[in-house]
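This report refers to the structure that appears directly beneath it.
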Amino acid sequence: MNLDHVFVCGHPALDFAATLRARRSARFEMFATPDRLNAWYLESGLVDTITPADEADVREATTVREAVYRLVTNRRLGEEFDREALAVVNGAARKTPVTPQLTMAGRHNEATPAQALATVARQAVELLSGPDVPLIKECGNPECTRVYIDRSRGMRRQWCGMESCGNKIKAAAYRARKKTAPAPAR
């Protein structure tokens, strides 16, 4: 499994929710260590520098991530929000977020893991209460459980990303067609 963090979902809260990969099968945890959690916060562009996370930060982040995923799924399926997940996300969103600072070099976001998590929770609140809700879709790859914002023309996007899922599905369909196609006559 690729250990690189991937940002293909079109929204930071959805990319955060996608850090548990293949939820219906192999379940691959991207936040396996505090360093991997910090790497996500940095790679996402949420922060420029972050204080080291610990195991408690990882546990809290995975709890919030699962609550975000549950709420996104509720919203995508037109269901009522799960009350427990709602309490988790709202509780995290109430905490102090990342606060940008102006430095001689420009804007700088320095934060703790708790502040970064509060910011992600706030982004989830904004997403799930905003105009992009009708654009939320789940990847068409049965092995993938990423949810993304479909801003394609005609809303015809089927996969979270071509590199990760689209090419894989298209190649498998091509091989299947080739396998069942009759041999050319000579």
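Both backbone and side-chain heavy atoms feed into the values below; hydrogens, waters and symmetry mates do not.
- At distances below 3.5 Å, not a single donor-acceptor pair connects side-chain atoms of D150 with backbone N or O atoms of L135.
- No donor-acceptor pair closer than 3.5 Å links the side chain of D82 to the backbone N or O of R70.
- Annotation for E143: atom CD does not count as buried by contact number, only 12 or fewer foreign heavy atoms lying within 6.0 Å.
- In this structure, H5 NE2 and F31 CZ are separated by 6.0 Å, a value rounded to the nearest 0.5 Å.
- Minimum heavy-atom separation, L37 to A61: CD1-CB, 3.7 Å.
- Atom OG1 of T99 is separated from atom NE2 of H108 by 12.5 Å, given to the nearest 0.5 angstrom.
- Two different hydrophobic clusters hold L102 and L46 under the rule that ILVMFWY side chains link at heavy-atom gaps under 4.5 Å.
- Side chain of N109 to backbone of D48: no donor-acceptor contact under 3.5 angstrom is found.
- E138 contributes atom CD, which lies 8.0 Å from atom CG of L77 (distance to the nearest 0.5 angstrom).
- With respect to the salt-bridge test (charged N to carboxylate O, under 4.0 angstrom), the residues K95 and E60 qualify.
- Here the shortest heavy-atom pairing between V98 and A111 reads CG2-CB, 3.7 Å.
- Between the side chain of N90 and the backbone N or O of A87, no donor-acceptor pair lies under 3.5 Å.
- At a threshold of 4.5 Å between non-hydrogen side-chain atoms, the residues P34 and P52 do not count as touching.
- Residues R151 and D132 are in side-chain contact: their nearest non-hydrogen atoms beyond the backbone lie under 4.5 Å apart.
- Of the possible polar contacts, none joining the K137 side chain to the Q158 backbone as a donor-acceptor pair under 3.5 Å is found.
- Y148 and R157 get closest at one heavy-atom pair: OH-O, 2.8 Å.
- At a cut-off of 3.5 Å, with distance as the only test, no side-chain donor of T33 or D35 sits close to an acceptor on the other residue.
- If you chain together hydrophobic residues whose side chains sit under 4.5 Å apart, V6 and L42 never meet in one group.
- Hydrophobic clustering keeps V8 apart from Y69 (ILVMFWY residues linked when any side-chain heavy atoms are closer than 4.5 Å, directly or through intermediates).
- Residues L20 and Y41 are members of separate hydrophobic clusters, defined by side-chain heavy-atom contacts under 4.5 angstrom among Ile, Leu, Val, Met, Phe, Trp and Tyr.
- Annotation: side chain of H11 is in contact with side chain of Q123 (closest heavy-atom distance under 4.5 Å).
- Note on V68: it does not cluster hydrophobically with M30, by side-chain heavy-atom contacts below 4.5 Å among ILVMFWY residues.
- For F16 and F7, the gap between ring centers reaches or exceeds 6.0 Å.
- Between C9 and D15, the closest heavy-atom pair is N-OD1, 2.9 Å.
- Shortest non-hydrogen contact noted between I50 and A116 is CD1-CB, 4.1 Å.
- Minimum interatomic distance between V133 and L127 (heavy atoms only, all atoms of both residues): CG2-O, 3.4 Å.
- In the model, T145 has no side-chain atom that pairs as donor or acceptor with a side-chain atom of R21 under 3.5 Å.
- Expressed to the nearest 0.5 Å, how far CD1 of I136 lies from CZ of R75 amounts to 8.0 Å.
- The pair E80-R83 counts as a salt bridge, with a side-chain nitrogen and a carboxylate oxygen less than 4.0 angstrom apart.
- With a 6.0 Å radius and a threshold of 12 heavy atoms from other residues, nucleotides or ligands, E55 has its CD atom above the threshold.
- T19 pairs with exactly one of E29, R146, R65, R36 by the side-chain hydrogen bond (donor to acceptor under 3.5 Å, both in side chains) rule, that one being R65.
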